[in-house]
Amino acid sequence: MPAIATAPTSLRDDLIALRRHLHTIPELGFQEVKTSTALRQWFTGRGFEISDPIAKTGFTVDIEGARPGAKVGYRSDIDALPIVEATDATYKSQHSGAMHACGHDGHMAIAAGVALLARERRDDFAGTVRVLFQPAEEIAPSGAPAMIEGGALNGLEAVYAVHVDPSQPVGRFGFRNGPLTAACCPFRVVVRSERSGHSARPHEAVDTVWVATQIATELYQLVGRVTDARKAAVLTICRMWGGDALNVIPTEVEMGGTLRCVDGETLGFLREQIRRVAGALGALHKADVDVDFEGTLPAVVNTDLEVDQARGAAADLFGGEAVNDLRFASMGGEDFAFYLQKVPGCMIRVGTSGGPETRYPLHHARFDLDESALPLAAKLMTEVCIRDLNARSGA
Ligand code: NI
């Protein structure tokens, strides 16, 4: 474990209290009414001015530096997951069937910390730090495009975010130039035929189950056979249903899953291959086949200048051991990608493991985080925003 610079106790206690309260009231995407209200009260109670609602439950808070200058953003997501929490924490979810299992409660606390610290340090910078609270990161369509449409990014020259990471210890931060997460595309294939029939005589029917299984087999072979083996991609079928009786060939079989690639070009290519394979096998066996893609999430692609600056800030604040250069992009998805399509910036991974209880993976019913990571991340991200602003204003 690297040496950890200690954050002021009051900041630490403030952020932990906020995080624990938010943890008890998890809400799903675009339904974050109590969460948004709690955040608004937290900010107005501390003398911050907040924006009107954006994207239903989102809003922004601007913290102005002592001198005029550029504007940069710091974004937190605010939604939870449909998971029944299985921890024994005193601040366990009070909303049955919903849980902050992806650490967005921690993200909100860190963002609150960035606002507090930026205000304390206003003499250190020119320009504005805008803290963005975004709903619905976990669902599709997600909250980021709605925030952008609502003007949350207007005037920003860069944007930053973190994601908690239980695979790294508290005090370590993960950095990656270029792609950090994969581009994701949910897909659905429906195989249909009016010629259903008796299981005894499949030759008189169009066996939709047989056709669907052949499509599934072919889809599994696309990655690495028709794509360049050097380009990371994964295709997983997660749902397959059709039929009812054990002696009737069904008229319809549906399957679906997700396609994930680090580069968007491979994703587009594989989408076309899914259409081609499913269409060709349907035509071969006289079944109707529909393929649809339910909305693509781009990859989070960190821009070099901003990541390098952030890495330097972490090394200066916490020492070189705090910097973990990530070799691989995650095949997970993250809608922060939409912001990075508009302005430069980066997402940083924040180590949140402090022992066995805080080592459960994201989206696990026992997920929890070591709260001592919160003030450290707030301190780092404030420094990142301030350095960015000062670099832009030539200070
Ligand atoms: Ni998340």
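In listed order, ligands and their atoms are each counted from 1. The shown structure was predicted, so the numbers you read here are calculated from the model rather than taken from an experiment.
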Review point. With under 30° as parallel and over 60° as perpendicular, where do the rings of F173 and F318 fit, or are they tilted in between?
Key: parallel
Point to revise | Protein N, O or S within less than 2.8 Å of the Ni ion (ligand 1), waters excluded | key: C102 SG, H104 NE2, H163 NE2
Check your understanding: Relative to the ring of F48, is the ring of W42 parallel (under 30°), tilted (30 to 60°) or perpendicular (over 60°)?
Key -> parallel
Exercise for review: Just jot down the salt bridge (charged side-chain N to carboxylate O under 4.0 Å, His left out) partners of D288, sequence neighbours excluded, or say none.
Suggested key: none
**Study point:** Ionic contact status for R40 with D52, cut-off 4.0 Å
**Key:** no
Check your understanding: Aromatic rings H100 and H104: how do their planes relate, parallel, tilted or perpendicular, breaks at 30° and 60°?
Key -> tilted
Review point. Side chain to side chain donor-acceptor pair (under 3.5 Å) between R271 and T296: does it pass, once the steps are laid out?
Key: CA-CA 10 Å; R271 279 168 56 133; T296 301; 2.6 Å; yes
